Amino acid sequence: MAEDLRAVEGSRLADGVRAYLIIAWMWVRSTMAYRASFIMLTIGQFLGSGLDFAAIMLMFAHTPHLGGFSLGEVAFLYGTSGVALGLADLLIGNTDKLGQRVRDGSFDTLLVRPVPVFAQVAADRFALRRVGRISQTAVVLGWSFTVIEVDWTVGRVLMVPLMILSGTAIFGSLFVLGAAFQFWASDAAEVQNAFIYGGNTLTQFPPTVFAKDLVRGATFLVPLAFVNWMPALYILGRPDPLALPRLMDFASPVAAALSCAVAALAWRAGLRGYRSTGS
Amino acid sequence: MSIESSGTAEPSTPSTPSEPSATAGRAACAGATAARGGFIELDGLVKSFTVRRKAGVLRRTKHEVRAVDGISFSVARGEMVGYIGPNGAGKSTTIKMLTGILVPTSGRLTVAGLDPARERTRLARRIGVVFGQRTTLWWDLPLRDSYHLMRRMYRIPDARYRQNLDHCTELLDLGPLMDVPVRQLSLGQRMRGDIAAALLHDPEVLYLDEPTIGLDVVSKAKVREFLRTVNEELGTTVLLTTHDLTDIEQLCERVMVIDHGRLVHDGGLDALHADGGSERTLVVDLERELPPIEVEGARAVRVEGPRQWLAFPASASAAPLVAEIAAEYPLVDLSVREPAIEDVIARMYADRSAL
Amino acid sequence: MGLYAVVAALGFRRYATYRVATAAGVFTNTVFGFVMAYTYMALWDERPHLGGYGVAQAVTFVWMGQSLLAASSILGGGFEQELAERIRKGDVAIDLYRPADLQLWWLASDLGRAAFHLLGRGVAPTAAAAFFFPLTLPDSPVTWLFFLLSVALGVVVSFAIRYLVALTSFWLLDASGIQQITALAGIFFSGMLLPLALFPGRLGDVARVLPWSAMLQIPVDVLLGRHTGGGLAQALAFQAGWAAALLAAGRLVGMFATRKVVVQGG
């Protein structure tokens, strides 16, 4: 019985991934109908995302350290946060258009398809131009590896992909939470931008820059600290400004799993609410 | 002459080979639902919404609005039924419950033996939905690509897919449109494309929401002819909401009228007209100005230069009337106007309160 | 004159109806203000008096950037997308027959929008900031008046740039690329990213004479009392000069564009 259930859940997941890929591919092909625009917008994404790093470089033109961190170390934070956000944005960034679909009624057309609604919403308007942000931040991350001084143990090496995956999951959860919120407030997409892009800007800088209360909020309320701060403290061998147990440096996957669970519950509640009120 | 009415300008239905595999498959699963009666069963279905209204600076009052207020009906497999009513009467709320989009507040509801709200994705494989004003086709891609997506999303076997696509292409004249980006199609062409997209996976029920809205006369005729063929040959159950009574007249033997969330009529269109005592209008263009036309079974209600408006009972046929006028008057052109649904329903109420 | 006042009032009211979006925007501005204020404080902690700003002035700079972001439309997004759409669809031909000047019409409408955004999106973040951070705000009402004048001139410059961008739709099929580049230039050269005084060498010299500095850098410097007397007159003249030059350019391009419409028969 339990095995049956697991098989059903498993096949639902496979169904969802398959539908996601099919729909995303359709959007990629649609985009290619306007190839020149696509190239311009991708370059624009690359440059736009690079502005933040330009600001950081301008700051470091006046000082060798910010909050006790060097330019290379800040670049490492910038790169890990940026790549994680870029991946989440590419994979499910368009969930912020859900409110628009709810308002114009086209959300209903997704509910009469034999594939999971979430897969359809996640793949909606899949925008390949977002590789612009990923590539820009990846370049900065790559550069940071050449300048930071780290004793690269196996654990520290493994921590890098782990923190990027966890960060992607955390930013992804924020996208989903924001989408779920739009079932109720369909024109409040900006609120999720505050958390996601504000959170990205926050984690581009070392935690030592910010007031302790802000860091606490970003650790326990919105788990942004687990995107890169905590694992980066371990990799860079820095003390934790909040003096939390060192075990927290490894807790990113747990925080990511928790935020995914919360996001999933919120999504379910939002969808259930929509299906009972129709608005 | 432009006559848009039943009988007179009926397009002939082309004969096409029936599809044995589809019908055989359906006959097999029909047994399961036959035992429970109708293919679509509604029993005391209710959907109520809570509406919050401002009643001051901070105070808000809650109102319960019953969009669907205890509807019961049953539709047999293979029936083609019109579902009409004024805007806001509860039509689309009903359709949303039938397709599993909305969860009913109370009442019982089965479609093809399934509970739509609980088994939404399973039901989705067995139904087709066309939203008249919202295309599900891909704007920037050739029509063909949208169909490929359907094939993969519904996991339609290759042979079936090809057979169904060929059939739709032929009946809906989609051949020359297949490689055209959807954004370049006209409204009528897009609607035909949308209907084909909803049929590729052999749905047992087809819900159509205003399928002829905004279409020209030729496109309307094509869409109607196709729907009739689908219903007759494939045995697809069709539920149609529309504002155009001609759709109902040409396609449905049975029509249900909903108003204020309640079913106020369930039967033939003739009975509906008789019920409401509604009238159709014959607009006649004569060669020159003449005194009001006098003819049996109709009365002139308006004269404007050479154009005259004649009212006649909606349940009567226009053909003998037209023949008589053509014999006695210098006729240039004429057309028949259907009564608006709102008028028909208003009359039903007027009659009822008079009783 | 009466007509344009009505158009401006309509522009104001139109944006005033988006209440949830306004509240959400204020929230976002406030969050970004917090994050950026701390990074500035860290920088000024290492280098007090950097660029001639004290730490309180630097923090004030951050919050003014967030408060003026919507009013000065530094990221773009407003009338220009609507105008570009009207040009693409050919509806602009109808506008040309209106008994009103195309450029003044949209300018009035955009000033109305800016007035709403200054109140709706500007006041709340500044108030929140004043509660949590030591800000340097002027005591003299005269300084505030000059600040408002400077903001208004900045909005006109911003309008004139966006008007030119929208007009490119007469020749380009898709103006979204140009719009994006202009938004990036706006962030970088207005002082939104970092005060222009911190830009090194040549880059700083160039950035300070480009029109985007009129949109944020100069109004904030006026507020902080960095321009007084002759310097103040010079700063305002710099803004007015760019506004006039860009409006004139918009007029010229508009003339060519409308000739194109008339020749093609609309």
Side-chain angles (χ1 to χ4, degrees), chain A residues 8-9 11-35 37-38 100-120 123-127 183-185 268-279, chain B residues 47-52 65 67-68 92-93 95-105 116-131 133-142 145-146 148-156 181-183 194 197-198 201 203 205 207 209:
Chain A
V8 168
E9 283 297 309
S11 82
R12 253 180 76 80
L13 181 67
D15 263 5
V17 171
R18 180 177 167 277
Y20 175 88
L21 292 174
I22 296 171
I23 297 169
W25 177 238
M26 290 288 276
W27 281 109
V28 171
R29 299 198 38 217
S30 282
T31 312
M32 291 310 156
Y34 306 94
R35 202 174 294 260
S37 259
F38 167 73
Q100 204 178 317
R101 279 203 175 272
V102 167
R103 276 201 302 276
D104 70 17
S106 61
F107 184 68
D108 289 343
T109 59
L110 309 184
L111 284 167
V112 298
R113 301 271 178 239
V115 291
V117 185
F118 182 70
Q120 298 182 68
D124 198 22
R125 287 174 231 205
F126 180 85
F183 278 119
W184 290 288
R268 278 182 184 212
L271 185 60
R272 193 179 310 132
Y274 176 84
R275 290 182 64 206
S276 71
T277 61
S279 60
Chain B
K47 180 75 213 176
S48 51
F49 299 113
T50 316
V51 182
R52 285 186 186 80
V65 177
V68 170
S92 56
T93 305
I95 300 287
K96 282 181 190 175
M97 286 191 279
L98 288 171
T99 47
I101 294 172
L102 281 182
V103 182
T105 308
R118 291 185 52 211
E119 298 162 287
R120 181 172 51 81
T121 22
R122 262 181 81 192
L123 181 69
R125 289 186 190 286
R126 299 173 62 180
I127 63 174
V129 186
V130 178
F131 297 101
Q133 285 149 308
R134 240 174 270 132
T135 185
T136 54
L137 303 172
W138 286 69
W139 199 243
D140 288 315
L141 296 179
D145 292 22
S146 294
H148 276 303
L149 177 71
M150 289 297 157
R151 188 193 66 172
R152 301 179 67 183
M153 206 186 255
Y154 285 84
R155 298 178 192 265
I156 309 167
V182 171
R183 62 169 188 275
D194 259 313
H201 61 287
V205 201
Y207 299 104
D209 185 19

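A quick note: this is a predicted structure, and the numbers were derived from the prediction, not measured. These numbers come from the heavy atoms of this one structure, side chains and all, not from hydrogens, waters or symmetry mates.
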Student: Let me know if B:A117 has heavy atoms under 4.5 Å from chain A in its side chain, its backbone, both or neither.
Tutor: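 For B:A117, heavy atoms of backbone and side chain both lie under 4.5 Å from chain A.
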
Student: Heavy-atom distance under 4.5 Å between the side chains of A:D15 and A:V115, does that happen here?
Tutor: no

Student: Is it the backbone or the side chain of B:R152 that comes under 4.5 Å from a heavy atom of chain A, or both, or neither?
Tutor: both

Student: Can you say whether B:M150 sits under 4.5 Å from chain A via the side chain, the backbone, both, or neither, judging by heavy atoms?
Tutor: side chain

Student: Do A:V28 and A:F126 touch side chain to side chain, with heavy atoms closer than 4.5 Å?
Tutor: yes

Student: Non-hydrogen atoms of chain B under 4.5 Å away: do they reach the side chain of A:A33, the backbone, both or neither?
Tutor: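 Side chain only.
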
Student: Name the region of A:Y34, side chain, backbone, both or neither, that has any atom closer than 4.5 Å to a heavy atom of chain B.
Tutor: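 The side chain, not the backbone.
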
Student: I'd like to know which of A:G105, A:S106, A:P116 tops the heavy-atom pair count under 4.5 Å against chain B.
Tutor: A:G105

Student: For the residue pair A:L111 and B:T99, establish whether any side-chain heavy-atom pair is separated by less than 4.5 Å.
Tutor: no

Student: Would you call B:D209-B:K96 a salt bridge at under 4.0 Å N-O?
Tutor: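 Salt bridge: no.
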
Student: Tell me, do B:Y207 and B:F131 make a side-chain contact under 4.5 Å, heavy atoms counted?
Tutor: no

Student: Please classify the contact of A:R272 with chain B as side chain, backbone, both or neither, using a heavy-atom distance under 4.5 Å.
Tutor: neither

Student: Specify whether A:F107 and A:Y274 have parallel, tilted or perpendicular ring planes, treating 30° as the upper limit for parallel and 60° as the lower limit for perpendicular.
Tutor: perpendicular

